[in-house]
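Here the structure comes first, spelled out in structure tokens, and everything after it is commentary.
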Amino acid sequence: MKTEGKLLNKVLSIRFTKMRKRLVLGFASVVFLFILVISSDSDMIQRVTPFLGYAQERDVSCYEESPTIDSIEQFESEEGTISERRIFFHETSCFGEEGAILNARQACAVESAAMMNPKTTVYLLFVSPVKFANASKEIVRQLTSYENVRIRHISMERYTKGTPIEEWYATDVLKTSRWPRSHMSDILRYLTLWKYGGIYLDLDVVVTSSLEHLTNFAGAEDWEDVAAGVLGFEKSSLGRRMADACLRDLKTNFRGDVWGNNGPGVITRILQKLCATKYARDMTTVRCHGFTVYPPSTFYPIHYKKWKRYFEETDRNSTFKMLEDSLVIHVWNKLSKDQKINVGSRAPYAVIAQKHCPKVYSHCGKVF
């Protein structure tokens, strides 16, 4: 019996050792895959979004709602009277009965654009037709104190009419998306620039210099990839060609299961064709037939891997040194949205906000 017991224990020990090795190997493989994913500079957020739980709410029923009496004034009513210079922001969230929410960081982006570009009309376009919540009314009041700020609602059914994506959008393509609100933002940036020309900006930026001298342009996120958070297509021949090509690429290559395919993916693919090169570092203005791809230091001076620099007071001097050549900073909201900053902080983001969106910053409460 003792011999059999020893034999059984030996067999169990061997099996346990093998099982433990398999578990360790499996865990190591998962860790290696994750490191491989996040170490890639190519559209990181697209790849790690599912892992980090950034899938947005799928309810986009507000996109089909008609504006109420108290809704934001129809943007389309100003069609034909839009100023020659224009900057566009979009908010694609759906809101509850309490009303639309515009947080301080989003408002800061709009104020900084208006403040640094006084000869440009700055449009904040909402897809949700509801009125503003009480919590946002003071910030909205501060924004609209700028004569060049316009906050408007758009109806997608009307907004797409007469465009290359009218029939495609009407097929309810957003219902195939895992992140419909994010992909609506992708659609709108190219659609708005196709309709009116101008500059598109994400709502997680701060504009720190004038953009009024820029024409047809985009910005490199790094020396391989082009980003879509800052784009400019003018009403020139080149701008029209770019906008049209981007809309048609969006329609042809739309992927509802790949987060970044329809935003940075679109502008990257079009520029690879226009410039006849794969990498952003080789996309010179000459090679791109007059279209400018600015270096990372212009619009994305802090790489997404180092986004916390904007929120840390330590080593702030070296952070500001990295921002010296930038026209815009991009704080990577998908990663930083839960990072709090107390008003009065000396963190770079707070210092920049206090200077470039002073009205919003001074009326946002204790936390920016």
Side-chain angles (χ1 to χ4, degrees), residues 67-68 70-75 77-78 82-83 85-93 95-96 98-154 185 192 198-212 229-230 310-311 327-331 333 336-368:
T68 63
D70 296 322
S71 69
I72 302 167
E73 181 181 346
Q74 288 285 342
F75 171 63
S77 67
E78 293 191 350
I82 300 176
S83 68
R85 293 190 181 95
R86 45 206 166 255
I87 291 174
F88 295 97
F89 295 91
H90 302 122
E91 170 53 79
T92 59
S93 299
F95 303 99
E98 71 278 6
I101 301 294
L102 185 68
N103 67 46
R105 294 182 186 180
Q106 293 173 318
C108 178
V110 179
E111 181 182 359
S112 67
M115 182 177 173
M116 301 309 297
N117 301 274
K119 296 180 180 178
T120 299
T121 303
V122 178
Y123 290 92
L124 173 57
L125 308 183
F126 278 75
V127 181
S128 181
V130 297
K131 63 182 180 181
F132 280 107
N134 290 334
S136 295
K137 285 184 177 179
E138 180 55 33
I139 282 182
V140 170
R141 190 176 72 83
Q142 295 301 320
L143 275 187
T144 53
S145 68
Y146 287 86
E147 293 184 355
N148 59 331
V149 170
R150 305 285 186 273
I151 301 177
R152 301 290 183 262
H153 166 262
I154 58 175
S185 177
T192 295
I199 293 173
Y200 164 80
L201 299 176
D202 277 349
L203 274 169
D204 57 352
V205 307
V206 182
V207 181
T208 56
S209 297
S210 174
L211 307 179
E212 292 181 338
V230 182
Y310 285 122
F311 299 83
L327 303 180
V328 169
I329 67 166
H330 190 285
V331 299
N333 179 64
S336 68
K337 61 182 179 180
D338 295 323
Q339 190 80 19
K340 291 184 178 180
I341 290 186
N342 293 323
V343 170
S345 167
R346 302 311 295 165
Y349 188 20
V351 173
I352 291 168
Q354 186 175 21
K355 180 178 180 181
H356 295 287
C357 58
K359 292 185 179 182
V360 167
Y361 189 77
S362 62
H363 288 82
C364 68
K366 296 181 179 180
V367 178
F368 174 68

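Counting begins at 1 with the first residue of the sequence.
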Between Thr121 and Arg150, the two heavy atoms sitting closest are CG2-CG, 3.8 Å

Side chain to side chain, Lys366 and Asn342, heavy atoms closer than 4.5 Å: no

Exercise: identify the closest heavy-atom pair between His356 and Met115: O-SD, 3.5 Å

If I compare all heavy atoms of Gln142 with all of Lys359, which pair ends up nearest, and what's the gap? OE1-CB, 3.6 Å

Atom CD1 of Ile87 and atom CG of Leu124: how far apart are they, to the nearest 0.5 Å? 12.5 Å

Side chain proximity check, Arg85 to Asn117, heavy atoms < 4.5 angstrom: no

Find the distance between CG (Asp204) and NZ (Lys337) and round it off to the nearest 0.5 Å. 11.5 Å

Answer yes or no: is there a donor N or O on one side and an acceptor on the other, between the side chain of Tyr361 and the main chain of Gly344, under 3.5 Å? yes

Side-chain donor or acceptor of His153 paired with backbone N/O of Val127 under 3.5 Å: yes

Ile341 vs Arg105 side-chain heavy atoms within contact, under 4.5 Å: yes

The reported gap from CZ in Phe368 to CZ in Phe311 (rounded to nearest 0.5 angstrom) is 8.5 Å

In Å, rounded to the nearest 0.5 Å, how long is the span from NE2 of His330 to OG of Ser336? 9.0 Å

Got Val110 and Ile151 here, is their nearest side-chain heavy-atom distance under 4.5 Å? no

How many angstroms lie between CG in Leu143 and CD in Glu111, if you round to the nearest 0.5 Å? 6.5 Å

Close side-chain approach of Ile139 to Phe132, heavy-atom, < 4.5 Å: no

Check whether Asn148 reaches the backbone of Thr120 with its side chain - one donor and one acceptor, N or O, closer than 3.5 Å. yes

Heavy-atom pair with the smallest gap, counting every atom of Leu102 and Ser136: N-OG, 2.9 Å

All heavy atoms of Leu211 vs all of Val328, minimum pair found to be CD2-CG2, 4.1 Å

Shortest non-hydrogen contact from Ser345 toward Ala347: OG-N, 3.0 Å

Phe88 ring center within less than 6.0 Å of Tyr200 ring center: no

Value rounded to 0.5 Å, distance of CG in Asn103 from CD in Glu91: 8.0 Å

Ser112 side chain to Val207 backbone, donor-acceptor under 3.5 Å: yes

